[in-house]
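For reference, the structure discussed in these notes is given below.
Worth saying up front: this structure is predicted, and the values here are computed from it rather than measured.
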Amino acid sequence: MKKKGVLHNRLHVLRAEHKLSQGDLAKKVGVSRQTISSLESNRYNPSLILAFELARVLETNIGEIFTYEHEGS
C-alpha cells in the first residue's frame with residue numbers, strides 16, 4: 001500500500017502580506033473565492049498550474065507557499 005502525506009501551505013500569511021482578500025487573489029489566479037478558502041484550510045490540493053499561478057501572483061516560489069509532509073515523518 002502506498003503511504004500518503006499532507007500538503008501544508010502558508011497561503012493565508014502570504015495573501016495577508018500582499019494585502020489581498022480571498023476574492024482578490026481568486027480573481028488574479030482565475031478561481032473562485034471558495035477555492036482559495038478551501039486551499040487555506042487544507043481541504044483542497046491545488047493543481048500544479050494553480051500552484052504556479054499562486055506563486056507568480058504572490059511573487060514567490062511554490063516551495064515558499066506549499067510544503068509536503070510524508071505520513072509518518
Side-chain angles (χ1 to χ4, degrees):
M1 177 179 261
K2 290 184 180 181
K3 292 186 177 185
K4 295 183 180 182
V6 178
L7 188 65
H8 299 282
N9 72 74
R10 297 179 57 240
L11 192 55
H12 176 78
V13 172
L14 295 168
R15 180 175 58 75
E17 287 176 0
H18 282 80
K19 297 179 174 49
L20 294 169
S21 69
Q22 288 181 341
D24 293 337
L25 181 57
K27 285 179 188 176
K28 290 179 180 283
V29 297
V31 297
S32 69
R33 185 204 57 78
Q34 290 84 355
T35 296
I36 300 299
S37 176
S38 292
L39 284 167
E40 289 182 356
S41 61
N42 290 316
R43 291 189 314 254
Y44 174 73
N45 291 330
S47 69
L48 190 53
I49 291 172
L50 178 53
F52 274 107
E53 282 298 309
L54 290 165
R56 180 186 62 79
V57 169
L58 296 171
E59 301 173 326
T60 192
N61 62 61
I62 291 173
E64 291 296 319
I65 302 172
F66 299 99
T67 56
Y68 178 75
E69 183 179 327
H70 194 269
E71 188 175 77
S73 296

According to a hydrophobic-cluster definition based on side-chain heavy atoms being under 4.5 Å apart (Ile, Leu, Val, Met, Phe, Trp, Tyr only), do L11 and F52 belong together?
yes

Query raised in the report: Among side-chain atoms of S32 and T35, is any donor-acceptor pair under 3.5 angstrom?
Result: yes

Tightest non-hydrogen contact, residues T67 and G63, listed as CG2-O, 4.2 Å

Looking only at heavy atoms, the pair that brings F66 and A51 closest together is CE1-CB, 3.9 Å

So CD of E53 and NZ of K28: to nearest 0.5 Å the spacing works out to 11.5 Å

**Under 3.5 Å: donor-acceptor pair, side chain of R15, backbone of L20** = yes

CD1 of I65 to CG of L54, rounded to nearest 0.5 Å, is 5.5 Å

When rounded to the nearest 0.5 Å, the distance separating CG of L58 from CD of E17 is 9.0 Å

Distance col, row R43:CZ vs Q34:CD, nearest 0.5 angstrom, shows 10.0 Å

Rounded to the nearest 0.5 Å, the NE2 atom of H18 sits from the OG1 atom of T60 at a distance of 8.0 Å

In terms of heavy-atom contacts, L50 and Y44 come closest through CD2-CE2, 4.3 Å

**Linked, directly or transitively: V13 and L25 (ILVMFWY side chains, under 4.5 Å)** = no

**Request:** Please answer: with hydrophobic residues joined when any side-chain heavy atoms are less than 4.5 Å apart, are V57 and L48 in the same cluster?
**Result:** yes

Review point. Counting only heavy atoms not in H12, do more than 12 fall under 6.0 Å of its NE2?
Key: no

Any side-chain to backbone donor/acceptor pair from S37 onto R33? Under 3.5 Å, distance only.
no

Minimal heavy-atom distance between P46 and L39, with the atoms involved, is CD-CD2, 3.5 Å

